[in-house]
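First comes the structure, then the notes that go with it.
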Amino acid sequence: MPFTLEGEDPELSTLSFFSTLTITANIDKEKSLFSLDLSRSEAFPSRRFETHNYLFHPCEAFIAYPVPHDAAHLQLALGECLGEGRTGKVYSAHVLGPLPNLPSPIPSELVVKFAKLNHCRNLAREAWVYNFLDRQTKYEPVGTIVPRCYGFFTAKLADCDLDLDLDPLVEDELPWSIPEWEEYPEQDDTLTDDNEDEIVEPSEWALEEWITKDRSKWNTWEPDPEDPLVAVILLEKGGETYSQIDDKDPLVREDVELALWDLVHAGVVHDDFRMANIVRAPTTAKFCRRHERVHQWCIIDFNRAWVVDLGREQLPSALKLMHSFIGYQEMYFYGWNPND
Ligand SMILES: Nc1ncnc2c1ncn2[C@@H]1O[C@H](COP(=O)(O)OP(=O)(O)OP(=O)(O)O)[C@@H](O)[C@H]1O
């Protein structure tokens, strides 16, 4: 039985399109670097952040949503690297045909974000935030102010068909390689809701099949150097990253601030809001009904986000609190000085 929430049409969500994925990367026309077969994996639910007391709760709406098992297979050819952060490396990828029948067309270029081998848990969380946003049907943030997501996939590195004569330099450059500068290659970063002192235990409502954060296999996940895991999320491709020059244009700033409000109104405080996490919106961006415009920018990178269930909050005070946290990292970026 597909799992749906009231008012939701699972057929239309891009998260329901694919069950399996093959990514190939070529060194040149003749030679393949690797071919990787991945399957959909459960994302890592966050705890619900309660704004009046700053506590994280387990919650029945904050569970791992079932993944499609009988949906289509997608084949991608890896393209150029678009960027790299602490968690992962991001590549453009070309969709290889023939495509099966899908509920709606997909672009010919997508984005694959590979977790570095020690950051699969963080990527599993980011994937869950996309799931959560995908379920906000009133103003539909996904496709409007954040890219559409096509799923979270994993595979054992041991099953990857990798060119074994690799030059060690190329090996260090693989999409999932842990960089030399990584201080803690043996562990993933702590997440905002990992603080065990703050947990309110699941009460009797928590049915056995509901996978809350505490019950998720990702909660205790640690990288295994003997049997590494590769994890990716598949996203719609945005354009250039927001720059200092863009930031000087008041109309651009206004547009990004409004997009950020949309995110807050979906119950998500980004908590890593900086220029590197804003990209030009894809040409397929949807009309925003709240602001009656197509936003020109979209927000990415959600592994640090705190997620609030606005249906349970005292709305005015929760929104006020969330708005006070919308700026981060850059001095005075969107009105909030992190040193205050
Ligand atoms: N959907 C996208 N479309 C276009 N470019 C993207 C997309 N997603 C990511 N990028 C590019 O890749 C870069 C790194 O992505 P991202 O911020 O998600 O990585 P990260 O490892 O999570 O970073 P952090 O250091 O914040 O953890 C971005 O700054 C952006 O330039």
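Whatever order the structure lists ligands and atoms in, that order sets their numbers, starting from 1. Numbers here simply count residues along the sequence, with the first being 1.
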Tightest non-hydrogen contact, residues S13 and D134, listed as OG-OD2, 2.6 Å

For the residue pair K286 and V142, what are the closest heavy atoms and their distance?
-> NZ-O, 3.1 Å

Give the residue and atom name of whichever protein heavy atom lies nearest to [atom], and the separation in Å to one decimal.
| atom | value |
| --- | --- |
| atom 1 (N) of ligand 1 | E236 O, 3.0 Å |
| atom 28 (C) of ligand 1 | A276 O, 3.4 Å |
| atom 13 (C) of ligand 1 | G83 CA, 3.8 Å |
| atom 15 (O) of ligand 1 | V90 CG2, 3.5 Å |
| atom 9 (C) of ligand 1 | I300 CD1, 3.3 Å |

Where's the contact between [X] and ligand 1, heavy-atom distance under 4.0 Å: side chain, backbone, both or neither?
| X | value |
| --- | --- |
| T87 | both |
| E240 | neither |
| K113 | side chain |

For the 3.5 Å polar cut-off, considering only N or O atoms, please tell me whether [X] and ligand 1 meet it.
| X | result |
| --- | --- |
| T241 | yes |
| N303 | no |
| G239 | no |
| V111 | no |
| L235 | no |
| E84 | no |

Take the angle between the ring planes of Y65 and W128 and call it parallel below 30°, perpendicular above 60°, tilted in between.
-> parallel

Give me the ring orientation class for F114 and Y91: parallel if the planes are under 30° apart, tilted from 30 to 60°, perpendicular past 60°.
-> perpendicular

The one among P282, G85, G238, C149 that brings a heavy atom closest to atom 2 (C) of ligand 1 | G238

Does ligand 1 have any atom sitting under 4.0 Å from a heavy atom of K89?
-> no

Qualifying residue for side chain to side chain contact (heavy atoms under 4.5 Å, CB included) with L234, from L15, L76, L38 = L76

Flag side-chain contact, heavy atom, 4.5 Å: [X] against [Y]:
| X | Y | result |
| --- | --- | --- |
| I23 | F153 | no |
| T212 | C59 | no |
| R125 | K213 | yes |

So, the side chain of T241 versus the backbone of A276: is there a donor-acceptor pair under 3.5 Å, distance only?
-> no

R47 and salt bridge (charged side-chain N to carboxylate O under 4.0 Å, His left out): which partner among D194, D193, D214?
-> D214

